**Student:** 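Quick one: the structure is below, and I'll ask about it shortly.
Being a predicted model, the structure only gives us computed values, none of them experimental. All residue numbers in this chain count up from 1 along the given sequence.
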Amino acid sequence: MLMGQPRIFFSMARDGLLPPVFGKVHPRFKTPYVTTILTGIVAGVVAGLFPIGLLGELVSIGTLLAFVIVCAGIIVLRYKSPNLARPFRTPFVPMVPILGILICGYMMTSLPRATWERLIVWMIIGLVIYFFYSRSHSKLARAEGSA
């Protein structure tokens, strides 16, 4: 996660979903250095302050939710945008995505209630950021509006 998160922030900044500072690239190394440093600091502080079991539960529920969303997105895109270029293929749609949603959802149910509560809090924080910053700055939304 530590290596992937900076690139996700970089992509989000490039699309206007986060402030431009998150999209800064190092002149020599050509990497998103601001988000790499920020992610490293936050990960280090969180790892030092919270028990590993709690962090494991949070990573698990977050990853499983991401898989559920991706599986649902596959189904939605197949029907809403059937002619979209697909560099990655999913076999047996919609059976495989539906099974992915069900299996990941089932695995999420084994996590404690407190983990679900933390997930909901993080989702609320994400939605607040989206509705108060990202939605009005999105380059993707502007591109769709002009199309």
**Student:** If hydrophobic clusters are built from ILVMFWY residues whose side chains come within less than 4.5 Å, do V45 and F50 share one?
**Tutor:**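 Yes, same cluster.
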**Student:** Could you list the donor-acceptor pairs under 3.5 angstrom formed by side chains in residues 53-62, with sequence neighbours left out?
**Tutor:**
| from | atom 1 | to | atom 2 | distance (Å) |
| --- | --- | --- | --- | --- |
| E57 | OE1 | T115 | OG1 | 2.9 |
| S60 | OG | G56 | O | 2.8 |

**Student:** Give the cluster check for V34 versus V42: same hydrophobic cluster or not, with ILVMFWY residues linked at side-chain heavy-atom distances below 4.5 Å.
**Tutor:**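 Yes, same cluster.
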**Student:** So, taking the atom named CD1 in I103 and the one named CD1 in I98, what distance separates them when rounded to the nearest 0.5 Å?
**Tutor:**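 These two atoms lie 12.0 Å from each other.
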**Student:** Taking salt bridge (charged side-chain N to carboxylate O under 4.0 Å, His left out) as the cut-off, I'd like each qualifying pair that reaches into residues 114-136, sequence neighbours left out, listed once.
**Tutor:**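 Those involving residues 114-136 are R113-E117.
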**Student:** Would you say R7 and T31 make side-chain contact, with heavy atoms under 4.5 Å?
**Tutor:**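 Yes, at least one pair of side-chain atoms sits under 4.5 Å.
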**Student:** Is it true that V70 and L102 fall in one hydrophobic cluster, defined by side-chain heavy atoms closer than 4.5 Å?
**Tutor:**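 Different clusters: V70 never reaches L102 through Ile, Leu, Val, Met, Phe, Trp or Tyr contacts under 4.5 Å.
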**Student:** Determine whether more than 12 heavy atoms belonging to other residues, nucleotides or ligands lie under 6.0 Å from atom CZ of F67.
**Tutor:**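 Count not over threshold, so no.
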**Student:** How long is the span from the OH atom in Y130 to the CE atom in M12, to the nearest 0.5 Å?
**Tutor:**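 Separation between the atoms: 10.5 Å.
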**Student:** Work out which heavy atom in G23 is nearest to a heavy atom in A13; give both atom names and the distance.
**Tutor:**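 Answer, listing the atom of G23 first, then A13: N-CB, 3.4 Å.
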**Student:** If you group Ile, Leu, Val, Met, Phe, Trp and Tyr by side-chain heavy-atom gaps below 4.5 Å, do L38 and I41 land in one group?
**Tutor:**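 In one cluster with L38: I41, yes.
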**Student:** For a side-chain contact (heavy atoms from CB on, under 4.5 Å) check, start with the C-alpha distance between R78 and I75, then their side-chain angles and the critical distance, and finish with the verdict.
**Tutor:** CA-CA 5 Å; R78 284 287 173 104; I75 296 169; 5.9 Å; no
**Student:** For M108, look at atom CE and say whether over 12 heavy atoms of other residues, nucleotides or ligands are found less than 6.0 Å away.
**Tutor:**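 Yes - once you tally the heavy atoms of other residues, nucleotides and ligands closer than 6.0 Å, there are more than 12.
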**Student:** For the residue pair H137 and Y133, does the interplanar ring angle fall in the parallel (under 30°), tilted (30 to 60°) or perpendicular (over 60°) class?
**Tutor:**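 Parallel, since the angle between the ring planes stays under 30°.
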**Student:** Partners of T90 by side-chain hydrogen bond (donor to acceptor under 3.5 Å, both in side chains), sequence neighbours excluded?
**Tutor:**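 Here no residue qualifies.
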**Student:** If you round to the nearest 0.5 Å, how far is CG of L119 from CG of L64?
**Tutor:**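 Result: 10.0 Å between the selected atoms.
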**Student:** Might you point out which heavy atoms bring V68 and C104 nearest each other, and give the distance in Å?
**Tutor:**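 V68 and C104 have their closest heavy atoms at CG2-CB, 3.6 Å.
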**Student:** Are I129 and V121 linked, directly or through other ILVMFWY residues, by side chains that come within less than 4.5 angstrom of each other?
**Tutor:**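 They do share one cluster, since a chain of ILVMFWY contacts under 4.5 Å joins I129 to V121.
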**Student:** Determine whether H26 and T36 satisfy the following criterion, side-chain contact (heavy atoms from CB on, under 4.5 Å), listing intermediate values before the conclusion.
**Tutor:** CA-CA 10 Å; H26 192 277; T36 301; over 6 Å; no
**Student:** Can you name the closest pair of heavy atoms from C71 and G100 and give their distance?
**Tutor:**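 Closest approach of C71 to G100, heavy atoms only: SG-CA, 3.9 Å.
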**Student:** To which residues is V76 joined in a hydrophobic cluster, defined by side-chain heavy-atom contacts under 4.5 Å among Ile, Leu, Val, Met, Phe, Trp and Tyr, whether direct or through other members?
**Tutor:**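 V76 clusters with nothing; isolated.
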**Student:** Can you name the nearest heavy-atom pair linking P97 to I74, along with the distance?
**Tutor:**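 P97 and I74 have their closest heavy atoms at CG-CG2, 3.8 Å.
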**Student:** Report the hydrophobic cluster partners of F10, with the cluster defined as I, L, V, M, F, W, Y residues connected by side-chain heavy atoms closer than 4.5 angstrom, directly or transitively.
**Tutor:**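 Noted: F10 shares its cluster with V25.
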**Student:** Could you give the distance from CZ (F22) to CD1 (I8), rounded to the nearest 0.5 Å?
**Tutor:**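 One finds 13.5 Å between CZ of F22 and CD1 of I8.
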**Student:** Please name all residues satisfying side chain to side chain contact (heavy atoms under 4.5 Å, CB included) with F132, sequence neighbours left out, ordered by chain then number.
**Tutor:**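 In terms of side chain to side chain contact (heavy atoms under 4.5 Å, CB included), with neighbours along the sequence ignored, F132 is linked to V128.
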**Student:** Quick check against the 3.5 Å criterion: does K24 have a side-chain atom that pairs as donor or acceptor with the backbone of Y33?
**Tutor:**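 Here the side-chain-to-backbone pair does not exist.
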**Student:** Using the rule side-chain contact (heavy atoms from CB on, under 4.5 Å), only one of D15, L127, L17 pairs with S134; which is it?
**Tutor:**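 Running side-chain contact (heavy atoms from CB on, under 4.5 Å) over D15, L127, L17 with S134 returns exactly one hit, L17.
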**Student:** Show the nearest heavy-atom pair for residues T109 and W116, with the distance to one decimal.
**Tutor:**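 For T109 and W116, the tightest heavy-atom pair comes out as N-CZ2, 4.2 Å.
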**Student:** Counting neighbours of CG on L49 that are heavy atoms of other residues, nucleotides or ligands and sit closer than 6.0 Å, is the number greater than 12?
**Tutor:**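 Yes, CG of L49 has more than 12 neighbouring heavy atoms, counting only those of other groups under 6.0 Å.
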